[in-house]
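Heads up: numbering here begins at 1 and tracks the sequence.
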Amino acid sequence: MLELDSIDYDQYQLSICGHRTLKEVCLPGRYGRVIVSSNDNRFVIKTLRKSELKVYLEMLPNYYRHVKKNQASLLRKLYGLHVVRPAGGIKVYCAVWGNMMPSEICIDKCYDLKGSSIGRACSKTIVEDRAILKDLDFDFCFYLDPLVRARLLAQVKYDCEFLEAEGIMDYSFLLGIHIEASHEGSIDENASRSSSAKKKTDDTSEQNESSELTLADICDLLDRPGFKFGDRLPARAVRAFRNEMESKSYRSCTSAQECFKVLLIFGIVDFCQNYNMKKRIEHACKAIKYDSKSIKTVNPKAYSSRFQEFLSAVFLPEESD
């Protein structure tokens, strides 16, 4: 995978093997939950349970072929699987991923979405000083050029079919939102302040080029090798409250709704859970109390279908004038 993205292995090692990074990865009692950035913020390191490592190792050859064939894949890039043993400690398994969230722009909102509601409580997980929200916090839909939307959802379908064939479920759609402009109101006071501050301090040429990227530019880039859907995709965001999302009444933007010009950073992450016996029992227990379609623990085929249906409702076609 390093070769596919022209990443020098020596530079890769220097990036992930810093003292601070290794110290955080090896902290005891936090296995499977630690996410830290590399020294240069180019990579993200997440500790794994041994069962998760096994899933990644088994799917690795097929994963490599899939990503190589589908260069616009939304599957997060996996660059390394490693074992670290600190002095006097126990083995720590970890995966090294590409860092999806660029440091040069402000991410106003960040979500971990699965398309289910049960167990997706409105609680915040803090990763690298950033709050990661969940499905019950999510109240947006995004309007895209119809061609861009069609190609995006087609790629989601290809990726989900791959994960389904590998027997994987419980993956997430990691979504970062950078707000460029608000038509009415603001997303919230904190987001507005952080966006304003970032624009004053980070007036770099790279950010300016990203901001100037239009939907027409995206359409022109769709067939070019190396195009990435989840890298600062411009869209029109509409604030839709929970009852509107459930009734699909958010499909037409009214003057009472908040509209934003945004850049979207996203990808499919955490595809390391197979539908094993533990998950089958969990599904059976939860299905007694809840609607089986609303719980996250379902078989890979059902999970894939629901995931795609959810994203098709999040990304909507921009209507022509």
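- Hydrophobic clustering of Ile, Leu, Val, Met, Phe, Trp and Tyr side chains at less than 4.5 Å, counting indirect connections, keeps M1 apart from L14.
- With contacts defined as side-chain heavy-atom distances shorter than 4.5 Å, the pair L78/V96 does not qualify.
- A donor-acceptor distance shorter than 3.5 angstrom exists from the side chain of K114 to the backbone of D170, with no hydrogens or angles considered.
- Atom-to-atom distance recorded for D145:CG and R236:CZ is 12.5 Å, nearest 0.5 angstrom.
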- Take D231 and M100 through the test side chain to side chain contact (heavy atoms under 4.5 Å, CB included) and record every step on the way to the result. CA-CA 8 Å; D231 187 10; M100 290 168 46; over 6 Å; no

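- In this structure, CD in Q11 is found 12.0 Å from CD1 in I16, a value given to the nearest 0.5 Å.
- Ring orientation note: the planes of F266 and F315 are tilted relative to one another, at an angle of 30° to 60°.
- Shortest non-hydrogen contact noted between Y171 and C160 is OH-SG, 3.9 Å.
- Contact check for M59 versus I168: side-chain heavy atoms found under the 4.5 Å cut-off.
- Listed here is the closest heavy atom pair of S172 and D112: OG-OD1, 3.0 Å.
- The two atoms that bring C110 and I132 nearest to each other are SG-CD1, 3.5 Å, heavy atoms only.
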TODO: Would you sort out whether I177 and I107 count as a side chain to side chain contact (heavy atoms under 4.5 Å, CB included), showing the intermediate values?
DONE: CA-CA 6 Å; I177 305 174; I107 303 299; 5.9 Å; no

* Asked: Could you walk me through whether R85 and V92 pass the side chain to side chain contact (heavy atoms under 4.5 Å, CB included) check?
  -> CA-CA 6 Å; R85 187 195 291 272; V92 178; over 6 Å; no

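- Between Y143 and V238 there is a side-chain heavy-atom pair separated by less than 4.5 Å.
- A tilted orientation is assigned to the rings of F142 and F138, their planes being inclined by 30° to 60°.
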Would L81 and L57 count as a side chain to side chain contact (heavy atoms under 4.5 Å, CB included) here? Give the steps.
CA-CA 8 Å; L81 294 168; L57 288 173; 3.6 Å; yes

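- Heavy-atom neighbours of E3 CD from other residues, nucleotides or ligands within 6.0 Å: at or below the threshold of 12.
- Taking the six-membered ring for Trp and thresholds of 30 and 60 degrees, F162 and Y63 have ring planes inclined between 30 and 60 degrees apart.
- No hydrogens or angles considered: a donor-acceptor pair under 3.5 Å links the side chains of S304 and Q308.
- Heavy atoms from other residues, nucleotides or ligands lying under 6.0 Å from OH of Y158 number 12 at most.
- For the pair R306 and Y303, the distance from NZ or CZ to the six-membered ring centre is under 6.0 Å and the angle to the ring normal is within 45 degrees.
- Among all heavy-atom pairs drawn from L74 and G230, the shortest one is CD2-N, 4.2 Å.
- Side-chain atoms of D108 come within 3.5 Å of backbone N or O of I179 as a donor-acceptor pair.
- Counting heavy atoms from C-beta on, the side chains of Y79 and Y12 come closer than 4.5 Å.
- Rounding to the nearest 0.5 Å places CG of D159 at 9.0 Å from CZ of F307.
- At a threshold of 4.5 Å between non-hydrogen side-chain atoms, the residues F140 and V262 do not count as touching.
- In this structure, CG on L163 lies 11.5 Å from CE on M169, to the nearest 0.5 angstrom.
- Remark: R76 does not engage D270 in a salt bridge, criterion side-chain N to carboxylate O under 4.0 Å.
- Between the side chain of N70 and the backbone N or O of A72, no donor-acceptor pair lies under 3.5 Å.
- For the residue pair R232 and I265, the shortest heavy atom distance occurs at N-CG1, 3.9 Å.
- When side chains are defined from C-beta on, L113 does not count as touching K134, because their heavy atoms never get closer than 4.5 Å.
- Looking only at side-chain heavy atoms (C-beta outward), Y111 and L174 stay at 4.5 Å or farther from each other.
- For the atom pair CD1 of I45 and NE2 of H82, the computed distance is 8.0 Å after rounding to the nearest 0.5 Å.
- Residues L144 and L152 share a closest heavy-atom pair of CD1-CD2, 3.8 Å.
- A salt bridge links D139 with R239: the closest approach of a Lys/Arg side-chain nitrogen to an acidic carboxylate oxygen falls below 4.0 angstrom.
- In this structure, SG in C94 is found 12.0 Å from CD in E52, a value given to the nearest 0.5 Å.
- A side chain to side chain contact (heavy atoms under 4.5 Å, CB included) with F173 holds for exactly one of L311, D135, V314; it is L311.
- With a 4.5 Å cut-off on side-chain heavy atoms, M101 and N99 count as touching.
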